[in-house]
Amino acid sequence: MASSSSSSSKESYREELRTAIRQLTDRCLHSASKWAGEQLVGLGAVQDQSKFTPTNTRFQRGSSSIRRRFLSTDTLTPSGGVSYVSTPVHQEDGNYDSDNYLVAMSYFNCKEFKRAAHVLRDETGKKAVFLRCYAIYLAGEKRKEEEVIELDGPLGKSTAVNNELVSLERELSTYRQNGTIDPFCLYLYGIVLKEKGREDLARTVLLESVNKYPWNWSAWSELQRLCTNVDVLKGLNLKNHWMRDFFLGIVYQELRMHTECLAKYEYLQGIFCFSNYIQAQIAKAQYSLREFEEVEVIFEDLQRNDPYRIDDMDMYSNVLYAKECCSSLSHLAHKVFLTDKYRPESCCIIGNYYSLKGQHEKSVMYFRRALQLNKNYLSAWTLMGHEYVEMKNTPAAVDAYRRAIDINPCDYRAWYGLGQAYEMMNMPFYALYYFRKSASLQPNDSRLWIAMAQCYETEQLRMLEEAIKCYKRAANCNDREAIALHQLGKLYSELGRSEEAAFYFKKDLERMEAEELEGPNMEKESARSLLRSIRNAQGGSPSTSSEHFSQ
C-alpha cells in the first residue's frame, strides 16, 4: 500500500508541476518555470519507475551516497503523518492567448518591456493584466539600473528608484481591494510593497499568493527574504501544500537552523530522488556546518549529473579554496568560463581561483565584474572585502563588507570581515563589536570565538578572563585549527594558575598525539616539556618562564 500511495502522490505532483511550468512560462516567469522543471525531473521519469533496481539506476553509476541514502518509496506525507492539502489547479481566464498577448510575450522575451506593456494596454484578462504590469515593473527596473550607471557607475551607492512603483502599487491595490486580483498579480504586488519598504503588508500579500498558487517558487523566495526570524516564520498561516516543505528548507537555511534544514531536505530527497536542487541545498547546509568533505562529494556528483550547471557552483569553489585544491579550482574555473563567463557565479569562481594563486588584483577585477552583472550578489561583496584585506586596502575592505551587510544584515562573514579590518587598523574595541555580532549569528564557529579572544588579549584591552571564556567556547565548537587548547594553557600559565594550565596543555598534547600532528603553536616535545615544568612547579607560579609561551 505504501508503494501504491507513493506512486499516486508522485503522479499528482508530476501533473501539478507540468501544468505550473506551462502557466509560469506563459507569464514569462522563467526563473520559477526553470525551478519547477528541475523538480519535475527530480521526481524521475514515469516509464523508469519499474526499472529502479540496484543494477541499473543512476545511483549505482557513481553518484554520491547522499542520493542513495534518501531514495525511498515510503508514503508521501509529512513525518507527522498529516496528509498534504490539495490545491486546485489554477484555471486560466477565457481567450487568454489573444494575438496581442502572443506578440507581447515575444516583445517581453526580447526585453522590450515598454513595447510589451503598450500592446496589452487595452487587454482586460487577468493574465494580460499581469504581463502588462510585470513588463511595466521591469521597464522601471531597467531604467533604474541605467541611472545607477549614468550617475554613480555600476558599483556606486545610488538613490535611484523604480519610478513605476507608485502607479503599480495604486493599480494592484485596487485589484486586491475589489477582489479581482489573481495569485500572480499578488506576487508582483508583494514585490512592489517590499521595495517601497512596506514589509508587513508585503509579507501578507505574498502569503496570499503562495496559498492560492503554491507552484510559483519566485513568490516563495520573496516571502523567504521577509522571514527575518523564527517568530515571523511561526506567524505565517501557510497551507500544508507539499511546496511548503521546500520553503521551510530555505528559511531554515537562512535562519541558520542547520539541523532542521538538513532534516527537511533529507525528507524531500526521499520523494524528489533525482533533484539536483535538493542536492545543492543539502550541500549548502553542510557547508554552513563546515563539513567540507561531504560538500565536495555532493558537488562532484552534481558535476557528473549536470555538467553545465553553474547555479551554486560558486559555493563549490569556496570549498576548493578552503581546502587549497588549486588544480580542481583551476579546472572548475576553466569549465564555467567556457560554459557562461558572464554569469556572476562564474566571475566569482574565477575570482576565487586568482585569490588562491595570490593574484589579488585580478581576483578583485573578477569580483567587481560579478557585481556589475548583479550588484546585489552578496558573496562577491564579501569575497572582494577579503581580497582588499589581503591587499592591506582597509578602507576599500570596510566599504565592501558594509555593502554586503546592507544586502543581508545576517551575513556573519561580512561582520567578521569588518572585525578583521578594524583589527588591522589597531582598533580592537571596534573589532570586538563586529566579532561579537558575527559570533551571535554563527555561534558554533570556533574561528569567531578565537577572533574575539585575540581582541581581548591585545595590549589595549588585556581582558584575559574574557579571552579565556572565548577560547573555551571555541574549544567546544570543534576547533579544527587547534588553537584554543594551547591558548587556554598559555593564558592560565600567565595568570599563575598552574593546575588549569596543565589541564589544557595535557589536552592539547593528547589531541596532537591522537591525530599524529604537529601542533600549530609548538612541537610535541616542547609541549611535554612545558607540561612537566608546570607539574613540577611549587606554589602558584609555574617554574617555566613566560618566554616559552611566546609565539
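Only heavy atoms go into these numbers, but all of them, side chains included; no hydrogens, no water, no symmetry mates. All of these numbers come straight from a predicted model, not from anything done at the bench.
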*Kindly determine whether R225 and E222 satisfy salt bridge (charged side-chain N to carboxylate O under 4.0 Å, His left out), including the steps that lead there.*
CA-CA 5 Å; R225 294 185 185 100; E222 292 293 338; 3.2 Å; yes
_Let's go through L255 and C227 carefully: what are the C-alpha distance in whole Å and the side-chain angles of both, what is the deciding distance for side-chain contact (heavy atoms from CB on, under 4.5 Å) to 0.1 Å, and is it a yes or a no?_
CA-CA 9 Å; L255 295 179; C227 293; 5.6 Å; no
*Under the side-chain contact (heavy atoms from CB on, under 4.5 Å) rule, what do K284 and M315 come out as? Steps first, then yes or no, please.*
CA-CA 8 Å; K284 286 182 181 179; M315 179 177 292; 3.2 Å; yes
*Can you check salt bridge (charged side-chain N to carboxylate O under 4.0 Å, His left out) on K194 and E199, steps first, answer last?*
CA-CA 5 Å; K194 181 169 75 74; E199 293 190 354; over 6 Å; no
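Remark: side-chain polar atoms of R143 are not paired, donor with acceptor, to backbone N or O of G140 under 3.5 angstrom. No donor-acceptor distance shorter than 3.5 angstrom exists from the side chain of W220 to the backbone of M243, with no hydrogens or angles considered. When atom types are taken as modelled, the side chain of E169 and the backbone of V192 share no donor-acceptor pair closer than 3.5 angstrom. With hydrogens and angles ignored, the 3.5 Å screen pairs a side-chain donor or acceptor of R203 with a backbone N or O of L226. Remark: side-chain polar atoms of S106 are paired, donor with acceptor, to backbone N or O of L102 under 3.5 angstrom. Panel note: side chain N211, backbone L238; no donor-acceptor pair is recorded below 3.5 Å. In this structure, the side chain of D399 does not engage the main chain of P395 through any donor-acceptor pair within 3.5 Å. Side-chain N or O atoms of D306 include none that pairs as donor or acceptor with a backbone N or O of L302 at under 3.5 Å. At least one donor-acceptor pair closer than 3.5 Å links the side chain of Y101 to the backbone N or O of D26. Formation of a donor-acceptor pair under 3.5 Å by the T204 side chain with backbone atoms of D200 is found in this model.
Counted by atom type alone, Y388 and H360 present zero donor-acceptor pairs between their side chains at under 3.5 Å. Using modelled atom types, one finds no donor on one side chain facing an acceptor on the other under 3.5 Å when comparing N100 with S98. Defined by atom type and a distance below 3.5 Å, a donor-acceptor pair is missing between the side-chain atoms of S363 and Q359. Looking only at atom types and distance, the side chain of E16 has a donor-acceptor partner in the side chain of H241 under 3.5 Å away. For the residue pair N305 / D301, a side-chain donor-acceptor distance below 3.5 Å is found, with atom types taken as modelled. Looking at D182 and Y187, their side chains never bring a donor and an acceptor atom within 3.5 Å of each other.
Taking the six-membered ring for Trp, Y213 and F184 have ring centres closer than 6.0 Å.
Taking the six-membered ring where tryptophan is involved, the planes of F246 and W35 are perpendicular, since the angle between them exceeds 60° and thus also 30°. Using bins of under 30°, 30° to 60° and over 60° for the plane-to-plane angle, the ring pair W242/F272 lands in the tilted bin. Between Y137 and Y134, the ring planes are parallel. Angles under 30° get that label, and only those over 60° would be called perpendicular.
Under a cut-off of 6.0 angstrom, the local environment of CZ in F292 is crowded, with over 12 non-hydrogen atoms contributed by other residues, nucleotides or ligands.
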Distance-only criterion, 3.5 Å: show the donor-acceptor pairs between side-chain atoms of residues 341-349 and protein atoms not counting sequence neighbours.
from: R343; atom 1: NE; to: E345; atom 2: OE1; distance (Å): 3.1
from: R343; atom 1: NH2; to: D311; atom 2: OD1; distance (Å): 2.5
from: R343; atom 1: NH2; to: E345; atom 2: OE2; distance (Å): 3.4
from: S346; atom 1: OG; to: D340; atom 2: O; distance (Å): 2.7

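None of I250, L24, V210, L29 except one satisfies the side chain to side chain contact (heavy atoms under 4.5 Å, CB included) rule with W217; the exception is I250. Considering K142, E145, E141, K144 in turn, E141 is the only one that fulfils the side chain to side chain donor-acceptor pair (under 3.5 Å) rule with N162.
Atom OG of residue S355 and atom CD of residue E361 lie 11.0 Å apart, to the nearest 0.5 angstrom.
The shortest heavy-atom contact between G249 and Y265 is C-OH, 3.2 Å. Contact between V295 and A283 at its shortest, heavy atoms only, is CG2-O, 3.4 Å.
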